[in-house]
Amino acid sequence: MNLDIERPGAPTPPSPANALLMQFTTAYWTSRCLHVVAEFGVADALDNGARSTEALADATGTQPHALYRVLRLLASVGIFELKDGSWHHTEASRLLRSDHPGSLRDYIRMLGLPAFWDAFGDLDHSLRTGEPAFTKSHPEGVFGYLAGHPEESRIFNASMTSKSHGDIAAILPAYDFSQFAVVADIGGGRGHLLRAILKRSPMTLGILFDQPHVIADVVPEKDEKLSLVGGSFFADPIPEANAYLLMNIIHDWPDKECIKILSAIRNAMPQDARVLIIETVVPSTPEPHLSKELDIAMMALPGGMERTQEEYSTLASKCALRLVSAIATISPYSILEMAAA
Ligand SMILES: C[S@@+](CC[C@H](N)C(=O)[O-])C[C@H]1O[C@@H](n2cnc3c(N)ncnc32)[C@H](O)[C@@H]1O
């Protein structure tokens with residue numbers, strides 16, 4: 001019996017163009033497995049020993065067959081490993097544990113939260129209307145939504161700390177923060193960047209400024225030289241300092257709001273103070289860069305954008321500031337140093 005299936009023409013292997021499209025149209029299947037595994041705490045349930053699928057499913061309240069298939073896909077890209085019928089950690093899966101010093105669990109959980117995940121499903125809304133996709137289901141916007149959802153807000157704030165481990169390690173050696181007597185972190189979340197700076201600069205005092213419900217969750221550490229200030233950078237007085245950190249803040253907002261934030265800082269700051277914007281800067285060249293991915297997340301979620309160096313310079317000039325230098329770090333983040341114009 002001839003089992004050859006007749007096909008018109010000679011069979012051809014998929015072209016690189018075909019493989020490229022297939023890879024990117026399905027990439028979210030793997031992302032989504034990562035979200036649910038982080039949400040169910042699978043990595044926490046897998047300690048240093050090996051565990052069977054059944055034991056992991058039992059510990060995480062999941063169905064063994066479904067969990068096995070999700071882990072099999074993740075293991076195919078190096079996240080978890082199946083050996084002799086039991087699951088083991090890999091370097092990457094260990095970063096999904098809550099207790100790892102470089103844990104990314106909260107960041108991955110945040111991107112998998114229904115309100116955040118759904119915004120990417122609604123990305124067409126951004127293209128059609130120019131509005132953040134998030135507002136299709138939540139007209140109050142990301143920060144209004146978080147203010148009304150304490151558990152999601154806790155995960156979001158923890159996610160910012162979680163994702164910052166590597167970025168902070170790159171930022172600290174790139175700039176001499178110890179030259180400032182007082183450093184204010186505006187929208188500093190739980191203060192992960194500011195605390196890391198204060199540890200390296202024992203003579204510097206810190207001011208952590210964020211929304212009142214975010215500041216209320218910050219637990220002061222013993223002997224730290226940190227003042228906690230709750231307020232809105234749109235409505236409340238900005239504290240006086242010698243340097244103002246804004247990490248992942250300006251990219252959250254359209255130009256109009258950025259001008260309000262930077263002008264408020266400009267009005268509060270001493271003449272010789274510095275404004276230090278820490279963001280990814282969009283390169284003018286076409287290669288892949290984190291800034292281009294974050295830019296889409298900013299479009300879908302808070303309605304902000306990543307910017308080019310020229311765009312930061314223009315923004316500064318509209319707020320009586322000038323861009324003094326753009327300092328690259330070994331991470332995709334740069335420090336955009338601004339002074340009074
Ligand atoms: C993307 S997070 C960045 C947190 C931190 N700077 C970092 O890089 O990890 C944005 C921060 O801006 C804060 N934020 C949003 N709206 C604010 C407002 N009106 N006034 C003060 N802070 C605000 C949020 O609470 C959040 O902590």
Side-chain angles (χ1 to χ4, degrees), residues 27-47 51 56-63 66-67 69-71 73-75 77-80 87 89-123 132-134 137-138 140-168 187-193 210-211 213-214 216-219 247-248 251-252 290 293-294 296-298 300-302:
Y28 73 97
W29 296 347
T30 312
S31 310
R32 196 62 187 151
C33 288
L34 198 50
H35 297 159
V36 293
V37 157
E39 185 57 39
F40 280 104
V42 176
D44 285 332
L46 179 63
D47 50 26
R51 284 193 100 174
L56 274 181
D58 196 38
T60 55
T62 53
Q63 293 298 317
L67 180 63
R69 291 158 68 189
V70 163
L71 290 179
L73 175 60
L74 291 177
V77 294
I79 307 166
F80 298 101
W87 292 102
H89 270 303
T90 60
E91 201 180 334
S93 68
R94 278 184 208 287
L95 294 181
L96 294 172
R97 286 188 62 92
S98 309
D99 60 0
H100 192 289
S103 176
L104 284 170
R105 182 180 176 215
D106 286 314
Y107 186 67
I108 294 166
R109 284 182 79 195
M110 181 272 287
L111 287 176
L113 287 172
F116 285 71
W117 173 251
D118 290 351
F120 285 92
D122 286 333
L123 192 62
F134 191 93
S137 297
H138 307 286
E140 70 276 35
V142 167
F143 295 112
Y145 173 86
L146 291 174
H149 292 79
E151 179 53 15
E152 282 89 342
S153 175
R154 196 197 60 69
I155 294 171
F156 180 85
N157 294 330
S159 82
M160 290 298 115
T161 307
S162 162
K163 80 152 194 59
S164 299
H165 299 302
D167 305 331
I168 290 175
R190 293 182 169 181
H192 33 274
L193 173 62
D210 206 300
Q211 300 181 93
H213 71 274
V214 177
D217 277 347
V218 178
V219 182
M247 180 170 175
N248 292 319
H251 81 166
D252 285 341
L290 177 66
E293 296 178 61
L294 273 179
I296 301 305
M298 293 308 113
L301 297 170

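We count residues from 1, following the sequence as given. Since this is a predicted model, take the numbers as computed values, not measurements.
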>> Between H251 and M298 (side chain of the first, backbone of the second, donor and acceptor by atom type, cut-off under 3.5 Å), is there such a pair?
In response: no

> By ring pair (Phe, Tyr, Trp, His ring centres under 6.0 Å), which residues pair with H192, not counting sequence neighbours?
Replying inline: none

> Rounded to the nearest 0.5 Å, how far apart are CG of L113 and CD1 of I155?
Replying inline: 5.0 Å

>> Can you tell me how far apart OG (S31) and CG (L111) are? Round to the nearest 0.5 Å.
In response: 9.0 Å

> Taking all non-hydrogen atoms of both residues, which atom of P302 and which atom of F143 are closest, and how far apart?
Replying inline: CB-CE1, 4.3 Å

> Where is the tightest heavy-atom contact between S162 and D106, given as atom of each residue plus distance?
Replying inline: OG-N, 3.9 Å

> Among all residues two or more places apart in sequence or in another chain, which pass the ring pair (Phe, Tyr, Trp, His ring centres under 6.0 Å) test with Y28?
Replying inline: none

> Is any side-chain heavy atom of I79 less than 4.5 Å from a side-chain heavy atom of L96?
Replying inline: yes

> Quick one: CG on D167 to CE on M160, what's the gap to the nearest 0.5 Å?
Replying inline: 10.5 Å

> Below 4.5 Å, heavy atoms only, C-beta onward: do N248 and K163 meet side chain to side chain?
Replying inline: yes

> Does any non-hydrogen side-chain atom of L56 lie less than 4.5 Å from one of L46?
Replying inline: yes

> Where the side chain of T90 meets the backbone of G78, is there a donor-acceptor pair that is under 3.5 Å apart?
Replying inline: yes

>> I'd like to check the ring pair (Phe, Tyr, Trp, His ring centres under 6.0 Å) partners of Y145; sequence neighbours left out, ordered by chain and number.
In response: F134, H138, H149

>> Donor-acceptor pair, distance only, cut-off 3.5 Å: does the side chain of R51 make one with the backbone of W87?
In response: no

> How many angstroms lie between CG in L71 and OG in S93, if you round to the nearest 0.5 Å?
Replying inline: 9.5 Å

> Would you say S137 and D122 make side-chain contact, with heavy atoms under 4.5 Å?
Replying inline: yes

> Distance from L104 atom CG to S98 atom OG, nearest 0.5 Å?
Replying inline: 11.5 Å

>> How close do G189 and D210 get, counting heavy atoms only, and between which atoms?
In response: N-OD2, 2.8 Å

>> Checking F80 now: which residues fulfil ring pair (Phe, Tyr, Trp, His ring centres under 6.0 Å) with it, not counting sequence neighbours?
In response: H89

>> Which heavy atom of L95 sits nearest to which heavy atom of G102, and what is that distance?
In response: CD2-O, 3.6 Å

> How many angstroms lie between CG in N157 and NE2 in H213, if you round to the nearest 0.5 Å?
Replying inline: 6.5 Å

> For Q63, what residues pass the side chain to side chain donor-acceptor pair (under 3.5 Å) criterion, not counting sequence neighbours?
Replying inline: none

> What are the two closest non-hydrogen atoms of I108 and L34, and how far apart are they?
Replying inline: CG2-O, 3.7 Å

> Considering all heavy atoms of both residues, which atom of R97 and which atom of D47 are nearest to each other, and what is their separation?
Replying inline: NH1-CA, 3.6 Å

> What salt bridge (charged side-chain N to carboxylate O under 4.0 Å, His left out) pairs are there with at least one residue in residues 144-153, not counting sequence neighbours?
Replying inline: E151-R154

